[in-house]
Amino acid sequence: MERLQKVIARSGYCSRRKAEELIAAGKVTVNGDTVTLLGTKVSYADTVTVNGTLIEPEEFVYYVLYKPEGYVSTTDDDKGRKTVLDLVPNEKRIYPVGRLDYDTSGVLLLTNDGTFANLMASPKHKVDKEYLVKMKGFLRKHESAQLAKGVFIDGHKTRRAVIKNVTYHKQTETSFCHIIIREGKYHQVKRMFETVGHEVITLKRVRYGVVTLDGMKKGEFRLLKPHELKQLRHMANS
Ligand code: URA
């Protein structure tokens with residue numbers, strides 16, 4: 001169920017504020033009855049008209065983008081940098097679900113479904129995010145163990161994480177590993193590794209729940225498959 005003014009605005013008929021005026025002015029009907037109450041909720045099965053015109057609700061779309069480095073994950077940028085919306089069709093006013101840093105690559109979901117975006121972003125929900133991390137120095141066993149148990153960022157302990165596939169590159173004195181977390185605090189992964197003394201050099205999100213980059217090239221996008229969407233919703237609610 002959505003608020004009537006939101007459904008009207010989402011259809012592209014007019015802004016939400018204008019929709020509120022039209023509702024108050026008695027220009028809107030729901031299933032044939034004039035509705036003037038602003039908080040009225042309707043479902044997509046209801047028939048809504050404005051000034052006698054049938055409102056076609058906008059369809060929801062869900063994309064996964066293989067975000068390249070060098071793009072911001074916002075809808076516009078005050079520094080004029082390229083945004084992830086430059087890489088996807090945007091006739092439906094979609095926006096990113098959460099953020100990846102400018103210099104982070106990997107799985108980024110985009111949608112115009114606010115309920116879904118909020119569900120994914122909520123800290124209560126349990127969707128794994130897996131990152132491939134390249135860092136300075138050699139990641140020691142006790143440091144991995146600390147990261148897995150939780151470290152303090154801004155006075156809050158991070159929740160349990162999984163660290164796996166640790167490898168070392170002797171010549172460049174760097175390490176690689178995968179980390180799986182469920183939270184999504186600002187710069188979370190970079191700050192977690194900083195707490196154990198490793199600066200992150202590159203960061204790539206390789207998985208978001210069941211969604212991976214398999215078969216995708218940097219900068220490419222695709223629609224989420226119905227089973228992926230279903231599983232994401234299921235995980236978030238479990
Ligand atoms: N953690 C980070 O530090 N950066 C990201 O982009 C994602 C997770």
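Since we're looking at a predicted model, the values are computed, not measured. Counting starts at 1 for both ligands and their atoms, in listed order.
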Legend entry - Flag side-chain contact, heavy atom, 4.5 Å: Thr167 against Cys177: no

Legend entry - Lys/Arg-Asp/Glu bridge criterion (N-O < 4.0 Å) met for Asp86, Lys82: no

Legend entry - Flag if over 12 foreign heavy atoms under 6.0 Å of NE2, His187: yes

Legend entry - Short side-chain to backbone donor-acceptor contact, Arg205 and Val107, under 3.5 Å: yes

Inset, instruction - Of the side chain and backbone of Leu203, name the one, both, or neither that has a heavy atom under 4.0 Å from an atom of ligand 1. - result: side chain

Legend entry - Contact partition for Val189 relative to ligand 1, non-hydrogen atoms under 4.0 Å: both

Inset, instruction - Establish, from distance only, whether the side-chain atoms of Asp113 and Tyr62 form a donor-acceptor pair under 3.5 Å. - result: yes

Legend entry - Residue Thr104 vicinity, atoms of ligand 1 by number, heavy atom under 4.0 Å: 4 (N), 5 (C), 6 (O)

Inset, instruction - Tell me which protein heavy atom sits closest to atom 5 (C) of ligand 1, plus the residue, atom name and distance to 0.1 Å. - result: Asp101 OD2, 3.5 Å

Legend entry - Tyr186 near ligand 1 by a heavy-atom separation under 4.0 Å: no

Inset, instruction - State the atoms of ligand 1, each with its element, that fall below the 4.0 Å cut-off from a heavy-atom position in Tyr131. - result: 7 (C), 8 (C)

Inset, instruction - Could you say whether the N/O atoms of Lys190 and ligand 1 ever approach to under 3.5 Å? - result: yes

Legend entry - Which of the ligand 1 atoms, numbered from 1, are nearer than 4.0 Å to a heavy atom of His187: 1 (N), 2 (C), 3 (O)

Legend entry - Donor-acceptor pair between Thr74 and Thr83 side chains, under 3.5 angstrom: no

